[in-house]
Amino acid sequence: MQTARDEAIRAIRAAGVVGAGGAGFPTYRKLEGRADTIIANGAECEPLMYKDREVMIHRRDALLRGLAIQRELSGASRVVLAVKRKNADVLDALRPAAASEGIELFVMEDVYPAGDEYVLVYDITGRRMRPGGIPLQVGVVVDNVETIANVAAALDGVPVTEKFVTVTGEVAEPVTAVVPVGVSIADCVGLAGGLTCADPVVLTGGVMMGGAETDLSLPVTKTTAGLIVLPANHPLVERKTAPRRHYDRVGHSTCDQCSLCTEMCPRYILGYPIEPHKVMRSLLMTGEEKDRVSLWAEHCCECNVCTLFACPEKLDPKNICADAKRELKARGIRRSVGELEQLFGPVHPMRHGRQIPIPMLYRRLGLTGYDRHARFVEGGGAPAGVTIPMDAHIGAPATPTVAAGARVARGDVVGAVPDDQLGCAVHASIEGVVTAVDGRGVHIQSRA
């Protein structure tokens, strides 16, 4: 017999709620467990981003209700909203309502990284997850503020069909807009007044951890937080688009093992067994010795501090760690639990002194000129069409439930995942006609 709690969790899954901050982990799975602490992540970790700020302003009631729902479902006795000091005005506006709801406000400095869940959990609770662990294992649920607002909507029967996205960089007027899921990057750039450079590359998600795309027809997904447009010859773009043969060769010939990449690594200074300089050393090795040294990449979170800030020679430890992780995983090579426990060290005494102030990061990356407020736009317009991806979440991709020629309304299910697999449904974000179903997703043409 289903309980009210079971029904609520099923509603959250049916509404397609996933992590809106970038990871895309299905939210219902986090709420199936029990926790004593809920952390609402409003840190806006990536530079140049404003979408979490606008969620806290324009979806405040949904955020507060979503936190109440999560508290009830998880059994948590403590609820904390984490926000950076730069958004002090948002904190002031939230303070009375938060106090009445028993929600703590946790203020972080304007540094990078600040939204990593390992960092948040430790700073707020004093607990450290085991290497490779998840917050629930230490009694904590961490969700992005937009995700939590979507939880409230889900219990009203409203699925995830829209996304808060910051569009900035080489655009006429930066905006943070609410757009239909599946709208094209080009349409979003249009909301920001169009391009201001001739050869654009779009960093999807953020300047530190986002990917680089030149195809502006690609769709916004449930996890897209930002679109940062830069010219193709910007040093940051050149570094992000360098091929593996280039950064492997340069790392092999140039790394002098100074270890600054390790000393600045946010996970290393929290005591985790991640040492990028040793992974760089693996470029000189082969066979079992290479595998052994590559294991120091196993718990890299790919925050890019090592590559884009720490390394004085502009090498690429992040990508070399990411490549090593993929290869180790493909071959089933990993450290034992016992070995990880032995390597799990104390928190570094200079940890706070090694966090990176955002203005310093802007200067290092050549982004100071792009530090412009992205004004809020509630409506993302009426696009001519959208493409709804089936695989924009962690777990099993959704299987399309519609075919070309089908008429759909906004909120209709267009893709589903079996109940026994991790994943959740995806929905039409506009009313229209399905024109195609292919590897990119379900294509819907507007009827307007």
Exercise for review: Could you verify whether a donor N or O on one side chain and an acceptor N or O on the other, from Tyr50 and Asn87, lie under 3.5 Å apart?
Suggested key: no
Check your understanding: Do Lys163 and Asn150 get their side chains close enough for a donor-acceptor pair, meaning under 3.5 Å?
Key -> no
Check your understanding: Between the side chains of Asp438 and His443, is a donor N or O closer than 3.5 angstrom to an acceptor N or O?
Key -> yes
Exercise for review: Rounded to the nearest 0.5 Å, what's the gap from CZ on Arg363 to CD1 on Ile358? Could you check?
Suggested key: 11.5 Å
Check your understanding: Just checking, any donor-acceptor pair under 3.5 angstrom between side chains of Glu170 and Thr196?
Key -> yes
Check your understanding: Does any donor atom in the side chain of Thr168 or Thr166 lie under 3.5 Å from an acceptor atom in the other side chain?
Key -> no
Review point. Is it the case that Asp52 and Asn144 place a side-chain donor and acceptor less than 3.5 Å from each other?
Key: yes
Practice item. Examine the side chains of Ser77 and Asp36 and answer whether a donor and an acceptor come within less than 3.5 Å of each other. Key: no
Check your understanding: Any chance NZ of Lys86 has more than 12 other-residue heavy atoms, nucleotides or ligands included, within less than 6.0 Å?
Key -> yes
Review point. Just by modelled atom types, is the Asp143 backbone N or O under 3.5 Å from a matching donor or acceptor in the Thr147 side chain?
Key: no
**Study point:** Validation row, ring centre Tyr118 to ring centre Tyr272 under 6.0 Å
**Key:** yes
Check your understanding: Under 6.0 Å between the ring centres of Phe25 and His393?
Key -> no
Study note, to complete from the structure: One should read off an interatomic distance between Ser429 OG and Glu162 CD, to the nearest 0.5 angstrom, of 9.5 Å
Review point. Would you say the side chains of Asn233 and Glu238 form a donor-acceptor pair under 3.5 Å?
Key: no
Exercise for review: Flag yes if more than 12 heavy atoms outside Glu72 fall under 6.0 Å of its CD atom; otherwise flag no.
Suggested key: no
Exercise for review: Could you tell me whether the side chains of Thr262 and His277 share a donor-acceptor contact shorter than 3.5 Å?
Suggested key: yes
